Structure formats: C-alpha cells, structure tokens
Peer 1: 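Quick one: the structure is below, and I'll ask about it shortly.
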There are 2 protein chains.
Amino acid sequence: MNVKPQATVTLAEVAEAAGVGESTVSRVLRNHGSFSQKTHDRVMAAVERLGYVPNRIAGALASAGSRLVAFVIPSLSNIVFPDVLRGAGGVLETSHYQSVFAVTDYDPGREEAMVAAMLAWRPSAVMLAGLEHSEGTAKMLRASGCRVVELLDLDGTALDLAVGFSNAAAARASAEFMLRRGYRRIGYVGHDLVRDTRAGKRFAAFCAALEAEGKPLVGREIHAGASSVEAGRLGLERLLARVPDLDAIYFSNDDMALGGYFHCMARGISIPSQLAIFGYNGLDMARVTPQPLSTIRTPRVAVGQVAAQLVLDDAPSQTIDLGFELIEGETA
Amino acid sequence: MNVKPQATVTLAEVAEAAGVGESTVSRVLRNHGSFSQKTHDRVMAAVERLGYVPNRIAGALASAGSRLVAFVIPSLSNIVFPDVLRGAGGVLETSHYQSVFAVTDYDPGREEAMVAAMLAWRPSAVMLAGLEHSEGTAKMLRASGCRVVELLDLDGTALDLAVGFSNAAAARASAEFMLRRGYRRIGYVGHDLVRDTRAGKRFAAFCAALEAEGKPLVGREIHAGASSVEAGRLGLERLLARVPDLDAIYFSNDDMALGGYFHCMARGISIPSQLAIFGYNGLDMARVTPQPLSTIRTPRVAVGQVAAQLVLDDAPSQTIDLGFELIEGETA
DNA sequence: CTGCATTTTGGCAGCGCTGCCAACAGGAAT
DNA sequence: ATTCCTGTTGGCAGCGCTGCCAAAATGCAG
C-alpha cells in the first residue's frame with residue numbers, strides 16, 4: 001500500500017525489505033538459478049509492496065544483453081512495414097524482447113545515421129529493409145557483432161540473415177501472367193524507384209520479361225515521391241493522356257493500383273476489358289473492392305515472424321525464401 | 001582503417017588512443033562543457049579510427065536519462081497508430097530520442113503488461129492510446145515519475161498530458177451533418193466497441209445526438225473483431241439484409257466505410273441517393289475513391305508531433321485539443 | 001551423529017558512462 | 001612578478017544490476 005513517494009525503488013531496497021541478499025532478489029525475479037519457495041514468496045511480497053519495477057538499463061549493462069531488437073525501416077505509411085513489425089513484435093514479445101524502430105524515408109544517408117543510433121543501444125539484432133545499404137552502414141553492422149536481418153528482398157547478397165522473397169521473380173511472374181492473358185500493350189505506373197530499390201528491381205525484371213517475349217513496355221509514368229493511392233490515380237491519368245491505347249497496366253504496388261482502379265471507375269473505363277490492372281503486395285483491402293485486384297500477395301507478417309524467430313534461435317547466417325502468391329483477381 | 005576485430009570499443013579505449021581523459025572524450029562526444037579545438041580533433045580522430053559507437057545503455061544508467069519514448073498502442077494494422085508514430089518519431093528524432101513500442105491488441109491486461117515492460121527501460125515518456133486504462137496501469141504510471149501522454153481522446157480525465165480531440169464531438173458533428181442532409185433512417189456498421197473505447201464513445205454520442213433530434217438509430221450491425229474493409233463490407237451486407245430501407249449508414253471508421261462503399265458499388269446501390277455513407281478518420285485513400293468519402297478528418301500525425309513536442313519541452317500537465325474537420329465528400 | 005553432496009544464499013567486483021570536483025594552464029589586470 | 005579569472009582537463013565515485021565465487025544451510029546415507 002505504502003509506495004515510496006518519488007524516489008525510484010531499487011533492487012537493493014527490495015532485498016533489504018525482504019531480508020535477503022541482492023543476488024537472491026535478482027535470481028528470483030529472473031527465475032534463474034535456485035532458491036526456495038519461501039524466499040521466492042518473501043521477495044515477491046516485497047516487490048509488490050514497494051511497487052518495484054526492475055531497471056533493464058542497469059540489467060542490460062551488467063549482463064551485456066539488451067533484449068532489444070532494432071528496426072530501421074523506410075516508412076510507416078506503406079502498410080508493408082507495420083505488417084512486418086507486427087509479425088516480428090508478436091514473436092519477440094513472447095521472449096520479452098522489446099522493439100525499437102527508426103524511419104529512414106528511403107534515404108540511405110538517414111539509414112546510416114539511424115543504424116548508428118540504434119547500435120548505441122547494443123541491440124540483439126538489427127532488422128533492415130532490403131539488401132542495399134551504404135558502405136558505412138554495412139561496415140558498422142559488421143563491426144557491431146549483433147545479428148543483422150535484411151527483409152523483403154532476396155535479389156542480392158545478404159550481410160547475415162535475410163528473409164523475404166525475390167522481387168524480380170514476382171515481377172517476372174506478373175509479366176508472364178499478363179502476357180498469358182493476352183495483353184500486348186502494357187504500361188507501367190510507379191513511384192520513386194531509385195529510393196525504393198525493391199520497386200526498382202521489380203520494374204527492371206518486369207521490363208526484361210516483357211522484352212524477352214518481344215512485347216516491350218509501351219509506356220510508363222513514374223511519380224517522383226512515395227507510393228500512394230492518389231499518386232496511382234494521377235499517374236494512370238497522365239499515362240493514358242500520353243498513351244491512350246494501352247490494354248493493361250502494371251503498377252508498382254497495390255496502393256498505386258487501387259488509385260488506378262479508382263480512376264477507371266471514375267472515368268467509366270471498364271476493367272479488365274478496356275484496361276487491365278495488376279498490382280503488387282496483396283493488401284487486404286484489394287480483395288474487397290468490387291472486383292478483387294489481380295496482384296502478387298507477399299507474406300509480410302510471416303517475414304517479420306520468421307525474422308524474429310531466427311534471431312531468437314540464434315540461427316546461423318542464411319537466406320530464407322518465403323515466396324509469394326499470384327492472385328488472379330478480376331482486374332487482369 | 002584498422003578496426004578491432006571483435007571486442008566492442010569503449011570510451012576508455014578512445015581516451016587512451018587520443019591521449020586524453022575519459023571525461024574529456026565524453027564532453028567532446030556530447031558537445032557539452034568546454035574543450036579546445038585541438039582536443040576535439042584528436043578525440044574525433046580516435047573515434048573514427050577505432051570505429052567507436054557510444055554505449056547509450058551505460059550512458060543512460062549513469063545519467064539517469066534514457067531519451068527513450070515508449071509507445072503502447074492497440075494495433076499496427078489500423079493506420080491511425082502508424083500515423084501517430086510517424087508524427088512523433090519525426091519530432092523526437094531531431095532531439096536524438098528513440099522510439100520503443102509495444103502493441104496491446106486493444107486488451108487492457110496486455111496494456112498493463114506492456115506498460116510495465118516499457119517502464120523497465122525508464123523512458124522519458126510513455127504514450128498511450130485513449131484515456132481508459134486499468135487500475136494497475138494508472139498506478140504504475142503515476143508511480144513511475146515519467147511523463148505520460150494519452151492520445152486521440154479527450155472525453156475523460158487525463159493522467160498527465162493529453163493530446164487529441166473529442167470523439168464524442170466528432171460523432172455529434174457527424175450526426176448533425178447527416179440529419180441536416182435530410183437522412184432519416186440511419187443505421188450503424190461498426191466493430192468491437194468495447195475494446196476500442198474511442199469507437200464506443202463515438203457510437204454512444206452519435207446515438208444520443210440522433211435521439212436528441214427524435215430520429216433514433218434504425219439499425220446496427222457490429223462486427224466482433226477489429227475494423228477492416230472486409231468487416232465493413234460484410235457488416236453493411238448483413239445490416240441491409242435485416243433492415244433494407246435505410247437511407248444512410250454511419251460507420252465506425254473509414255476502413256469500415258470503404259467496405260460499405262465497395263459493397264454498394266458491387267451491388268449497384270447508388271451513393272448517396274439510395275444510401276449515404278459516412279466514415280471517420282479521413283484516410284488519404286478515401287479522398288481518391290470515385291466519390292470522395294464523407295467523413296471526419298482527424299489530425300493523427302499532428303497528434304504525434306504535438307505529443308512529442310510537449311515531452312521535449314517538458315510542458316506542464318495539460319490537455320490539447322487539436323480538433324477535427326468534417327469532410328463533406330460526396331457519399332453523404 | 002558424522003561426513004559429503006546438494007541446494008541456497010550473500011558479497012562484491014565490475015558493465016561503460018556521466019557528474020562532480022579539484023587541478024591546471026594561460027592570459028589580463030594590478 | 002603576483003593575483004585572479006576563465007577555459008580546460010583528468011580522476012574517480014557511483015548509476016542498478018548481474019555473474020562469479022565462496023559460505024552457509026540442508027538433506028541423507030552410513
């Protein structure tokens with residue numbers, strides 16, 4: 001009942017209140033080592049009575065293990081990353097790991113700064129999006145000795161662990177699907193693909209696959225900023241103004257594709273007979289539109305889960321391909 | 001060039017390498033206190049050469065200031081919370097604060113556990129969603145001595161700082177708008193409003209406002225789980241099956257409303273002449289649908305920004321109302 | 001009871017950094 | 001030259017906890 005007014009309670013105070021040694025309190029609280037039931041009860045009673053909250057900062061310093069996992073992600077607006085965080089968070093939580101994050105806005109320079117800042121917390125692992133990082137980032141990461149997990153991309157070389165799928169393969173599958181459906185005048189509407197390297201890889205692989213079949217991309221419209229539904233809508237409008245006779249559009253992701261879908265609805269362009277639409281990501285929302293979107297479903301939550309589990313298991317360096325699924329939908 | 005192979009570099013090693021005292025290195029690195037330019041250069045050179053990364057765990061312990069801000073949020077699937085994180089993260093970053101987060105799934109018991117876990121890191125502030133917390137959560141928070149910011153709800157009593165808007169007022173504004181537009185047989189499609197207390201408050205205030213005008217709610221359909229586009233679509237379908245002659249629907253949020261919107265499109269129900277739709281949140285996407293959604297725009301990113309700024313400024317306890325904006329849209 | 005194997009327990013030295021304080025080094029003023 | 005003052009610098013005691021080790025308590029067979 002009588003909680004100390006201000007001063008933060010320390011383990012030493014709990015020990016004194018319980019009439020035992022500090023290390024005994026520590027053992028009981030971490031349920032590590034051996035102690036009698038009687039001691040356990042006395043300690044817990046004191047903890048309860050004083051309202052003791054362990055100081056993990058001190059604990060981490062003493063044991064050189066922070067149980068912190070750092071996420072350095074490009075964005076929180078793109079649902080992909082919250083999904084990954086969600087998957088990983090669920091797994092980490094059960095082992096009493098905490099998640100720290102920082103957002104890079106797709107900027108390698110900022111990524112480097114954020115990684116440095118995170119490393120200062122001596123995390124158990126750092127999770128990053130993609131395989132492309134600055135020289136400095138890679139160097140710091142290697143020197144840090146902590147686990148590194150690169151997510152959502154397998155088209156390249158990983159530093160340590162990598163969990164994801166091949167963006168290039170997904171794009172090729174999309175291209176083959178669209179050609180198989182008979183589309184011949186295919187356009188692309190995308191967003192900044194220099195900064196979003198995964199979108200860039202998809203675009204490159206998609207174009208290559210079309211060319212391999214002798215049906216090169218007919219037109220493209222690239223929005224300078226981040227992907228969004230609005231950018232997709234505007235992008236399609238602009239592209240159609242320039243190149244009206246397209247029969248299908250490959251979008252850089254589902255957000256963009258939804259924008260295109262809405263544009264067609266607003267303009268009375270019938271899908272897919274007049275214009276087919278194909279996306280990427282497999283957002284939940286895109287399954288519920290009047291016509292389900294044709295797209296690639298990526299296992300984003302699973303990527304987070306598997307990544308977290310690998311870290312918990314202290315697995316050896318490896319690359320895990322979680323694949324993707326082509327959703328035929330009704331828009332292409 | 002020659003980075004030590006494994007062992008983590010400490011400040012003491014940097015001090016020795018630079019030929020200065022430890023406290024001097026500390027002062028230079030934190031740019032705090034005075035030192036000569038020459039010393040500064042020598043220290044920075046040593047830092048560079050050894051690849052030193054400060055250990056903030058040790059720093060936090062020694063200075064009793066973690067510069068960590070803890071977010072305990074209900075969900076990452078609902079874009080509302082990533083938006084808040086984004087706003088706060090942007091502001092915190094400039095002051096070298098780090099964000100830690102945990103997800104409660106709208107469960108007060110889990111919230112309590114997560115708050116306890118976060119408090120163990122001695123954060124500078126804890127940010128929570130809403131004003132409803134368990135007895136234990138409130139007690140811990142008060143005893144912790146750290147700043148507490150309750151977000152996105154002002155209808156109740158705050159523990160310390162509160163930043164948001166009144167959900168009740170937003171719901172009343174929605175009701176009045178719908179009545180003014182002439183809708184008379186209004187239904188509600190929502191999600192779990194016991195766990196999502198803010199949605200619950202909106203629902204209650206909305207019903208009260210309708211009743212005050214003698215036009216009580218005609219029907220309701222409540223999905224047991226979290227909000228989603230799919231739940232909105234199914235909810236509307238079910239509600240219309242039971243109560244076909246509605247002329248407008250108030251949805252618990254924009255995700256649900258989009259689901260309803262898609263249902264109408266799929267069934268050829270014309271909006272708003274046959275059925276009007278009104279949402280809540282003002283998602284970007286909802287502005288780009290063929291008809292922009294009628295809804296309430298909430299300043300989610302600003303909530304995060306202001307909350308973070310208050311913490312940085314060590315502002316006195318207060319409540320800040322950031323208001324909301326009614327978007328007339330074309331669906332109601 | 002004794003001796004020995006276990007189980008419990010407490011003491012204490014750090015973990016790497018910061019805060020405080022005393023100690024200096026140069027000038028400028030006297 | 002002496003005194004002061006301002007600007008720099010190093011030493012060292014913790015911050016609160018964990019890991020290690022030795023000491024104490026307990027159990028049990030002989």
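Only a predicted model underlies this, so the values are computations on that prediction, with no experimental measurement involved. Chain letters run A, B, ... following the sequence lines, proteins first and then strands; every chain starts at 1.
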Peer 1: Treating Arg147(B) as the side-chain partner and Ala315(B) as the backbone partner, does any N or O pair qualify as donor plus acceptor under 3.5 Å?
Peer 2: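 Here the side-chain-to-backbone pair exists.
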Peer 1: Classify Thr10(A) by what it touches in the nucleic acid, base, sugar-phosphate, or nothing, heavy-atom distance under 4.0 Å.
Peer 2: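 The answer is sugar-phosphate, as Thr10(A) gets under 4.0 Å only of primed atoms, P, OP1 or OP2.
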Peer 1: Show the numbers, then the answer: is there a salt bridge (charged side-chain N to carboxylate O under 4.0 Å, His left out) between Arg195(B) and Asp192(B)?
Peer 2: CA-CA 6 Å; Arg195(B) 309 223 291 174; Asp192(B) 188 342; 3.4 Å; yes
Peer 1: Scan for side-chain hydrogen bond (donor to acceptor under 3.5 Å, both in side chains) pairs involving residues 120-134 of chain B, sequence neighbours excluded, and state none if there are none.
Peer 2: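 Sorted result for residues 120-134 of chain B: Gln98(A)-Trp121(B), Glu111(B)-His133(B), Glu112(B)-Ser134(B), Glu132(B)-Thr197(B), Glu132(B)-Lys201(B), His133(B)-Glu150(B), Ser134(B)-Thr137(B).
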Peer 1: Let me confirm one number: the CG-CZ distance from Leu92(B) to Phe71(B), rounded to the nearest 0.5 Å.
Peer 2: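 Taking CG in Leu92(B) and CZ in Phe71(B), the distance rounds to 5.5 Å.
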Peer 1: May I ask you to say what Ser63(B) touches in the nucleic acid, namely base, sugar-phosphate or nothing, with a heavy-atom cut-off under 4.0 Å?
Peer 2: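 Since only primed, P, OP1 and OP2 atoms lie under 4.0 Å of Ser63(B), the category is sugar-phosphate.
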Peer 1: So for atom CD, which belongs to Glu93(B), do other residues, nucleotides or ligands contribute more than 12 heavy atoms lying within a distance under 6.0 Å?
Peer 2: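 More than 12 heavy atoms, drawn from other residues, nucleotides or ligands, come within 6.0 Å of this atom.
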Peer 1: Under the 3.5 angstrom rule, does the side chain of Thr298(A) hit a backbone N or O of Arg300(A) as a donor-acceptor pair?
Peer 2: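 No.
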Peer 1: Distance check needed: dT8(C) C1' versus Glu22(A) CD, whole Å only.
Peer 2: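 So the CD-C1' distance, Glu22(A) to dT8(C), works out to 17 Å.
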Peer 1: So what does Ser34(B) hit on the nucleic acid, given a heavy-atom distance under 4.0 Å: a base, only sugar-phosphate, or nothing?
Peer 2: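 Result for Ser34(B) = base.
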Peer 1: Answer yes or no: is there a donor N or O on one side and an acceptor on the other, between the side chain of Ser95(B) and the main chain of Tyr97(B), under 3.5 Å?
Peer 2: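 Judged by distance alone, no pair lies under 3.5 Å.
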Peer 1: Under 4.0 Å between any heavy atoms, over every strand shown, what does Arg56(B) touch: base, sugar-phosphate, or nothing? Just pick one.
Peer 2: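 The answer is nothing, as Arg56(B) stays clear of every strand by at least 4.0 Å.
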Peer 1: Between Val25(B) and Ala60(A), which is nearer to the 5' end of DNA chain D once each is assigned its nearest nucleotide?
Peer 2: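 This one resolves to Val25(B).
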Peer 1: Could you list where the contact with chain A starts and ends along DNA chain D, reading 5' to 3', using a 4.0 Å heavy-atom cut-off?
Peer 2: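 In short, chain A contacts DNA chain D from dG16(D) to dG19(D).
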Peer 1: Does the distance from a Lys or Arg side-chain N to an Asp or Glu carboxylate O, for Arg27(A) and Glu22(A), drop under 4.0 Å?
Peer 2: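 Looking at Glu22(A) together with Arg27(A), the answer is no, because their closest N to O distance does not fall below 4.0 Å.
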Peer 1: What residues from residues 37-46 of chain A pass a heavy-atom cutoff of under 4.0 Å to DNA chain D?
Peer 2: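 Listed by number, there are none.
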